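All figures in this text were calculated on a predicted structure; none of them were measured in a lab.
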Amino acid sequence: MSDVETAVFFVLHWNDDVLDLREQIPLDRAETRRIAAELGVPHPKDRHTDVDIVMTLDQLVDVRTTSGTLCVPVSCKTFEDLEDRRTLEKLEIERRYCQKRWGEWRLMTD
């Protein structure tokens, strides 16, 4: 895990309302390809094989709320990473995927 992912993990781990915390959740490649095409950006590829990779979500958190359990997808990036255009493109693919799948998406930075 990156330093940001580790920090977010520890913050969430000690929150009494967090019921479960999963890391590196694979996203459906067909769906991320569709979203990338819709955005007009290249899908992430393995630089050695040029094959589309399976994108992953940094953390998926089950949180206890007054109305039940809420599944919250979380991406973790350094503030510096957010200055990179390609990183923003990939985050937008992830954001759209998560909003469609779970109805929300959170980005946490250092």
**Q.** Candidate pair Leu57 and Cys98, rule side chain to side chain contact (heavy atoms under 4.5 Å, CB included), full reasoning
**A.** CA-CA 9 Å; Leu57 174 65; Cys98 291; 4.0 Å; yes
SG (Cys76) and CG (Asp110) are apart, to the nearest 0.5 Å, by 10.5 Å
- prompt: Any chain of hydrophobic side-chain contacts (each under 4.5 Å) joining Phe10 to Val18?
  reply: yes
Rounded to the nearest 0.5 Å, the CG atom of Asp28 sits from the CZ atom of Arg34 at a distance of 10.0 Å
Value for CD (Glu23) from OG1 (Thr56), rounded to nearest 0.5 Å, stands at 11.0 Å
With side chains defined as the heavy atoms from C-beta onward, is the minimum distance between Leu82 and Leu88 less than 4.5 Å? yes
Do Val4 and Thr109 pass the side chain to side chain contact (heavy atoms under 4.5 Å, CB included) test, and can you show the C-alpha distance, the side-chain angles, and the key distance before you say yes or no? CA-CA 7 Å; Val4 176; Thr109 65; 5.7 Å; no
| request: Check whether any side-chain heavy atom of Cys71 lies under 4.5 Å from a side-chain heavy atom of Arg101, and answer yes or no. | output: no
Connected via hydrophobic side-chain network under 4.5 Å: Leu21 and Val74 | yes
Quick one: do Met55 and Arg29 satisfy side chain to side chain contact (heavy atoms under 4.5 Å, CB included)? Show the steps, please.
CA-CA 7 Å; Met55 295 180 68; Arg29 186 169 28 196; over 6 Å; no
- Kindly say whether Glu5 contributes a backbone atom to a donor-acceptor pair with the side chain of Gln59 at under 3.5 angstrom? yes
Note to self: Are Lys90 and Glu92 packed together at the side-chain level, in the sense that at least one heavy-atom pair is separated by less than 4.5 angstrom?
What the structure shows: no
One should read off an interatomic distance between Tyr97 OH and Thr32 OG1, to the nearest 0.5 angstrom, of 7.5 Å
Residues pairing under salt bridge (Lys or Arg N to Asp or Glu O under 4.0 Å) where one sits in residues 70-83, two or more places apart or in two chains, turn out to be none
CG of Asp3 to OG1 of Thr6, rounded to nearest 0.5 Å, is 6.0 Å
Residues 13-51 vs ring pair (Phe, Tyr, Trp, His ring centres under 6.0 Å), sequence neighbours excluded, gives Phe9-His13
Heavy atoms of Ile93 and Pro42 approach each other most closely as CD1-O, 4.5 Å
Query raised in the report: Can you list the steps and then say if Ile35 with Lys100 is a side chain to side chain contact (heavy atoms under 4.5 Å, CB included)?
Result: CA-CA 11 Å; Ile35 294 168; Lys100 181 178 179 183; 5.9 Å; no
Contacts satisfying salt bridge (Lys or Arg N to Asp or Glu O under 4.0 Å) that involve residues 51-76 (not counting sequence neighbours) are Asp17-Arg64, Arg22-Asp62, Arg33-Asp52, Lys45-Asp52
Heavy-atom distance under 4.5 Å between the side chains of Leu39 and Arg96, does that happen here?
yes
Separation between CD (Gln99) and CH2 (Trp105), nearest 0.5 Å, reads 8.5 Å
On a heavy-atom basis, the closest approach of Val63 and Val72 is CG2-CG2, 4.1 Å
Q.
Between Leu70 and Trp102, is there a side-chain heavy-atom distance shorter than 4.5 Å?
A. no
